[in-house]
Enquirer: 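The structure under discussion is supplied below as structure tokens; questions concerning it will follow.
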Amino acid sequence: MVDLKSQYQKIKAEVDAGIQDVIDSAAFINGPAVKEFKASLEKYLGVKHVIPCANGTDALQIAMMALGLKPGDEVITPSFTYIATVEVVGLLGLTPVFCDVDKEHFTMDPAHMEALITDKTKAIVPVHLYGQSAPMEEILAIAKKHNLAIIEDNAQAIGGHYTFSNGKKMANGTMGDIGTTSFFPSKNLGCYGDGGAIFTNDDELAHQISMIANHGQRVRYVHDMVGCNSRLDSIQAAVLNVKLKQLDTYCDARRTVADRYDQAFASNEKITTPKRFGQSHHVFHQYTMLLHDIDRDKVVEELVAHGVPSMIYYPIPAHRQKMFEAFDSENANLESTDWLTQRVISLPIHTEMKEEDQHYIIEKVLKIIK
Ligand SMILES: *Cc1c(COP(=O)(O)O)cnc(C)c1O
């Protein structure tokens with residue numbers, strides 16, 4: 001699905017030197033590499049504060065803690081997402097309220113979202129799924145009307161942006177109150193282990209977030225609240241300092257691969273290629289298409305037989321997971337989510353895809369799905 005080895009070969013000298021610097025200086029925790037990365041990412045995203053942390057799941061948890069959410073508060077999230085988005089809601093004793101997605105773009109449906117708002121609703125977590133911004137203009141307007149906080153789960157769409165109808169462009173993860181991301185190796189900006197970050201333009205929230213990520217510590221050994229221990233280590237920051245400079249190139253490479261798939265499958269009646277919002281600059285963390293009137297398991301099997309990997313993201317939506325049975329969530333009426341779960345399939349997409357390899361994949365897909 002990805003080719004991190006070839007990608008590394010192209011930046012090896014710089015990455016190796018960065019890692020060696022960390023080891024030579026022994027500044028393993030919160031060293032200069034972490035400070036450099038924080039500042040570079042703030043500049044890249046055009047956001048006031050980036051707080052690095054240990055992974056994308058922690059980032060979501062810390063974001064919800066920083067908003068002061070309390071047990072019983074309702075948080076609206078899509079069910080059609082990676083489980084981490086919703087898991088932290090349950091972990092903090094908050095109540096997940098599952099929102100349906102738009103069948104064409106896979107992102108949160110703003111009309112359904114608004115219908116789910118109650119007087120217990122405190123926050124909304126749109127997910128920029130597969131690399132495409134959720135319809136933030138609509139979501140932000142509804143949140144403002146009902147005075148709700150927005151946490152953008154930007155684990156899959158860093159490097160992408162959204163253009164508002166007044167022409168203003170904003171980086172994904174910087175439009176809501178808080179944005180979160182993951183640097184898991186296969187993400188668009190991935191390190192060589194675990195990593196994550198939290199973004200905000202709000203000084204007060206930034207202060208809370210930094211404190212929570214560091215044992216609720218105000219000054220050394222003075223702890224104002226119960227927090228956690230969530231850090232990006234310096235070796236991972238050294239890798240990210242090199243890769244951040246490549247992020248735009250990486251996103252362009254993914255878009256080129258997506259364009260080729262789109263073109264190749266456009267006239268196949270059993271395939272629906274992913275739709276793009278005009279306002280969203282899609283950075284294709286995944287290339288996920290829909291299959292109709294064909295046995296998907298068999299397609300996956302036949303692709304494997306030809307050496308072509310594929311994945312189902314996600315085979316069971318969050319509202320059908322046993323972990324949420326206490327919320328009676330399987331009775332949530334999420335028609336599009338259930339419909340999509342039966343039909344999606346993701347093909348290999350990455351920064352190092354050679355045109356001839358992609359032609360091979362396309363040829364096999366079209367041979368199997370006809
Ligand atoms: C990867 C991912 C996360 C979690 O990130 P980790 O770094 O693996 O904890 C959260 N949300 C979404 C949408 C993701 O894709």
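The structure displayed is predicted, hence computed values, not measured ones. Indexing begins at 1, ligand by ligand and atom by atom, following the structure's order. Residue numbers start at 1 and run along the sequence shown.
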Enquirer: Look at the side-chain heavy atoms of Ile, Leu, Val, Met, Phe, Trp and Tyr, link any pair under 4.5 Å apart, and say whether I198 and V125 land in one connected group.
Expert: yes
Enquirer: Report whether M136 and I76 are members of the same hydrophobic cluster (ILVMFWY, side-chain heavy atoms less than 4.5 Å apart, transitive linking).
Expert: yes
Enquirer: If you measure every N/O of T57 against every N/O of ligand 1, is any gap under 3.5 Å?
Expert: yes
Enquirer: Could you list the atoms of ligand 1 found under 4.0 angstrom from a heavy atom of G56?
Expert: 4 (C), 5 (O), 6 (P), 7 (O), 9 (O)
Enquirer: Which atom pairs, one a donor and one an acceptor, fall under 3.5 Å between side chains of residues 305-315 and the rest of the protein, sequence neighbours left out?
Expert:
residue: H306; atom: ND1; partner: E302; partner atom: O; Å: 3.0
residue: Y314; atom: OH; partner: Q156; partner atom: NE2; Å: 2.9

Enquirer: Would you say that F98 contacts V86 through its side chain, given a criterion of any heavy-atom pair below 4.5 Å between the two side chains?
Expert: yes
Enquirer: Kindly identify the option in D153, N154, D58 whose heavy atom sits closest to atom 11 (N) of ligand 1.
Expert: D153
Enquirer: Using a strict 4.0 Å cut-off to heavy atoms of A84, name the atoms of ligand 1 that fall inside it.
Expert: 4 (C), 10 (C)
Enquirer: Taking distance alone, with no angle check, do T81 and ligand 1 share an N/O pair under 3.5 Å?
Expert: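 No, T81 has no N/O under 3.5 Å of an N/O on ligand 1.
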Enquirer: List ligand 1 atoms under 4.0 Å from T85, heavy atoms only on the residue side.
Expert: 11 (N)
Enquirer: Among all protein heavy atoms, pick the one closest to atom 15 (O) of ligand 1 and tell me residue, atom and distance.
Expert: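 Atom 15 (O) of ligand 1 sits closest to the protein heavy atom Q156 NE2, 2.9 Å.
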Enquirer: Just which atoms of ligand 1 are under 4.0 Å from any heavy atom in N55?
Expert: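 Numbered from 1, ligand 1 contributes 7 (O), 9 (O).
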Enquirer: Could you tell me, atom by atom, which parts of ligand 1 come under 4.0 Å of a heavy atom of A155?
Expert: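 Numbered from 1, ligand 1 contributes 2 (C), 3 (C), 10 (C), 11 (N), 12 (C), 14 (C), 15 (O).
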Enquirer: For a quick check under 3.5 Å, do Q286 and S346 share a side-chain donor-acceptor pair by atom type?
Expert: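 Result is no, nothing qualifies.
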Enquirer: Are any of the N/O atoms on D194, whether in the backbone or the side chain, positioned under 3.5 angstrom from an N/O atom of ligand 1?
Expert: no
Enquirer: Once rounded to the nearest 0.5 Å, what's the spacing between atom CG of N55 and atom CG of D194?
Expert: 5.5 Å
Enquirer: Out of H285, Q61, K187, E87, who is nearest to atom 14 (C) of ligand 1 when you count heavy atoms only?
Expert: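 Ranked by closest heavy atom to atom 14 (C) of ligand 1, first place is K187.
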Enquirer: For residues 46-54, which side-chain N or O atoms pair as donor and acceptor with protein atoms under 3.5 Å away, sequence neighbours left out?
Expert:
residue: K48; atom: NZ; partner: D203; partner atom: OD1; Å: 2.9
residue: K48; atom: NZ; partner: D203; partner atom: OD2; Å: 3.1
residue: H49; atom: NE2; partner: D203; partner atom: OD1; Å: 2.7

Enquirer: Taking the inter-plane angle between the rings of F265 and Y287 on a 0 to 90° scale, is it parallel (under 30°), tilted (30 to 60°) or perpendicular (over 60°)?
Expert: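 Tilted.
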